[in-house]
There are 2 protein chains.
Amino acid sequence: MTSRPPRPRERGIPEATVARLPVYLRTLQALQDRGTLTVSSEALASAAGVNSAKLRKDLSHLGSYGTRGVGYEVEYLVYQISRELGLTQDWAVAIVGIGNLGRALANYGGFGTRGFRIAALLDADTAMVGRRVASLDVGHIDTLEAVVRDKGVSIGVITTPAAAAQAVATRFVEAGVASILNFAPVVLNVPDGVDVRKVDLSIELQILAFHAQRRNGDGGRGAEPAGLELT
Amino acid sequence: MTSRPPRPRERGIPEATVARLPVYLRTLQALQDRGTLTVSSEALASAAGVNSAKLRKDLSHLGSYGTRGVGYEVEYLVYQISRELGLTQDWAVAIVGIGNLGRALANYGGFGTRGFRIAALLDADTAMVGRRVASLDVGHIDTLEAVVRDKGVSIGVITTPAAAAQAVATRFVEAGVASILNFAPVVLNVPDGVDVRKVDLSIELQILAFHAQRRNGDGGRGAEPAGLELT
DNA sequence: CCCACTTTGTGCGTGCTTTCACAAGCGCGT
DNA sequence: ACGCGCTTGTGAAAGCACGCACAAAGTGGG
């Protein structure tokens, strides 16, 4: 029953492409640090771990930024991708749930290179409130709305226990945050127009386990311990 | 095609389906905890945040475990999915890189419910080696091969700085670990047959930023359709 | 100026994913 | 026993994504 207005798909850059742009960007920045000035699609694709045709098609969605016979100018491409991803502006991030994971994220210095700034840390535990983590004072969850408003937070990160995640998400949304990164192992329910991405360790492990089981003898049992052969 | 060891296809469950099974599993376990005995595809899909037709098709790849007119028996389905994902056996996990993130993972109690067991923590920093984290003694990275062999490690988790990740991955592979979960922001280069999954915070943030920028007035092109307003 | 060589940008075929729509099955009340 | 209502399982269609292969476009040498 989503009576959403027509989805104009707009200037559609395919979602699959968007997901790869950050990888290209990082690869290009590594090249830049090494002083590389231009790079061919073949070389860049190889470094980014993708097919070169796919890379060229991905980049073609941004525009024609390459030079035939030469390749792409690294610096220029870095700028174009950054701009497309919105990294030329400043994004204020709030992290809710300052447990082990929340602290790890807060201290993760290169929080994705530039563009993102951790503006606030919030927790429900009064024993945690007031403590200083990563050069920020941990605030109480009750101040979420004020913090979002005063600090201009536009991205919310949820690292709370599963039980608290939905409530935090709802408060984020009602406070006007439309981008949420969820580390809690629950499916968040949010209104249309709010963008939720989830990072889930146990899901990744389970997918690995599935393939590992298939590689081994499969069946219901564990078969032999890890296969010893490779190559 | 070259000579693939056993069978390349077997009972091909689509990759997209595999990625969703853990979500269904978790949702079912939540229902189970609440005492629910059976669930319809509609209700389960809603709770898992997917379309009910998709859910039914996904489950149909495992077999016909539902009852028409009734739905799915929760407990039975939990078992079937668990078995398919390989969670009925025990997976020994080694975490390399005991920084903030590594510690967070080590302490993350419900490491994805049952099925996974953290068997070892390794680090290159001698100041960290010997310390006790999450009831385990941190070992030195040089013992990786011995630990993998002795503890039967089949899944490696990399939480090192980017610069060290590739070397660790290579050592894992050569030690016989064919499943790697990588948190370091680099593209890992591994031989065929090794399964690498990556979890990358900054990539997720950048994708969120892209969509957020698009929701707003956009940064490069004013392609904003009429009637897009919020608050 | 022309030609050989390099590399981009893309049309097109192929295969995977999602969604729709409905026949087949199952339980229950009568 | 029978039919009604509900729900699964699945063809079929539509939509995406991927990768090949090649024309177009640019560079550099003679």
Side-chain angles (χ1 to χ4, degrees), chain A residues 1-2 4 6-21 23-24 27-28 31 36-74 76-77 80-81 84 192 207 210-211, chain B residues 1 8-24 27-28 31 36-74 76-77 80-81 84 192 207 211:
Chain A
M1 306 320 188
T2 51
R4 181 171 36 189
R7 184 113 181 172
R9 199 57 236 161
E10 222 178 313
R11 193 64 157 2
I13 294 182
E15 198 51 39
T17 294
V18 172
R20 282 186 294 265
L21 289 179
V23 178
Y24 303 154
T27 308
L28 284 163
L31 289 173
T36 309
L37 295 180
T38 64
V39 65
S40 70
S41 64
E42 194 66 51
L44 180 54
S46 167
V50 302
N51 176 298
S52 70
K54 177 152 63 180
L55 179 128
R56 288 197 299 276
K57 186 157 289 186
D58 282 343
L59 294 184
S60 77
H61 286 112
L62 310 188
S64 277
Y65 297 142
T67 304
R68 295 171 192 235
V70 178
Y72 301 88
E73 191 193 339
V74 174
Y76 187 54
L77 200 49
Q80 290 298 341
I81 295 180
E84 195 67 46
D192 274 7
I207 295 173
F210 172 83
H211 293 300
Chain B
M1 285 305 188
R9 300 289 299 284
E10 205 175 337
R11 186 167 34 149
I13 295 182
E15 197 52 39
T17 294
V18 173
R20 284 186 294 265
L21 288 180
V23 178
Y24 302 154
T27 307
L28 284 163
L31 289 173
T36 309
L37 296 180
T38 65
V39 65
S40 71
S41 65
E42 195 65 52
L44 180 55
S46 167
V50 301
N51 177 299
S52 70
K54 179 150 61 179
L55 180 130
R56 287 197 299 277
K57 184 150 286 189
D58 282 343
L59 294 185
S60 77
H61 286 112
L62 310 187
S64 278
Y65 297 142
T67 304
R68 295 171 193 235
V70 177
Y72 301 89
E73 191 194 338
V74 174
Y76 187 54
L77 200 48
Q80 290 298 342
I81 295 179
E84 195 67 48
D192 274 6
I207 295 173
H211 292 300

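Within every chain, numbering begins at 1; the chains are lettered A, B, ... in the order of the sequence lines, protein sequences first and strands thereafter. Keep in mind that this is a model prediction, so the values were computed, not measured.
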Length of the line joining B:Leu77:CG and D:dT7:P, which is rounded to integer Å: 16 Å
What integer distance in Å separates B:Glu73:CD from C:dC26:P? 15 Å
Partner set under side chain to side chain contact (heavy atoms under 4.5 Å, CB included) for A:Tyr65, not counting sequence neighbours: A:Leu62, A:Tyr76, A:Leu77, A:Gln80, A:Arg83
Could you check if a side-chain atom of B:Ile81 sits within less than 4.5 angstrom of a side-chain atom of B:Leu59, using non-hydrogen atoms only? yes
By side-chain hydrogen bond (donor to acceptor under 3.5 Å, both in side chains), which residues pair with A:Thr27, not counting sequence neighbours? none
Between P of D:dT8 and OH of B:Tyr76, the distance in whole Å: 16 Å
Counting primed atoms, P, OP1 and OP2 as sugar-phosphate and everything else as base, the B/S/- map of nucleotides 4-13 of chain C against protein heavy atoms under 4.0 Å is --BBBBBBB-
Round to a whole Å and report the spacing from CG of A:Leu55 to C1' of D:dC20. 16 Å
Taking only residues two or more places apart in sequence or in another chain, which ones pass side chain to side chain contact (heavy atoms under 4.5 Å, CB included) with B:Ala53? B:Asn51, B:Arg56
Indicate yes or no: at least one non-hydrogen side-chain atom of A:Arg20 is less than 4.5 angstrom from one of A:Lys54. yes
Between A:Leu44 and A:Leu55, is any pair of side-chain heavy atoms under 4.5 Å apart? yes
What residues, two or more places apart in sequence or in another chain, satisfy side-chain hydrogen bond (donor to acceptor under 3.5 Å, both in side chains) together with B:Thr17? B:Asp58
Atom NZ of B:Lys54 and atom P of C:dT17 are separated, to the nearest Å, by 11 Å
Expected output is a numbered-order residue list: members of residues 16-24 of chain B with a heavy atom under 4.0 Å from any atom of DNA chain C. What is it? B:Ala16, B:Arg20
Any side-chain heavy-atom pair of A:Thr38 and A:Thr67 under 4.5 Å: no
Separation of C:dA21 atom C1' from B:Asn51 atom CG, nearest Å, is 12 Å
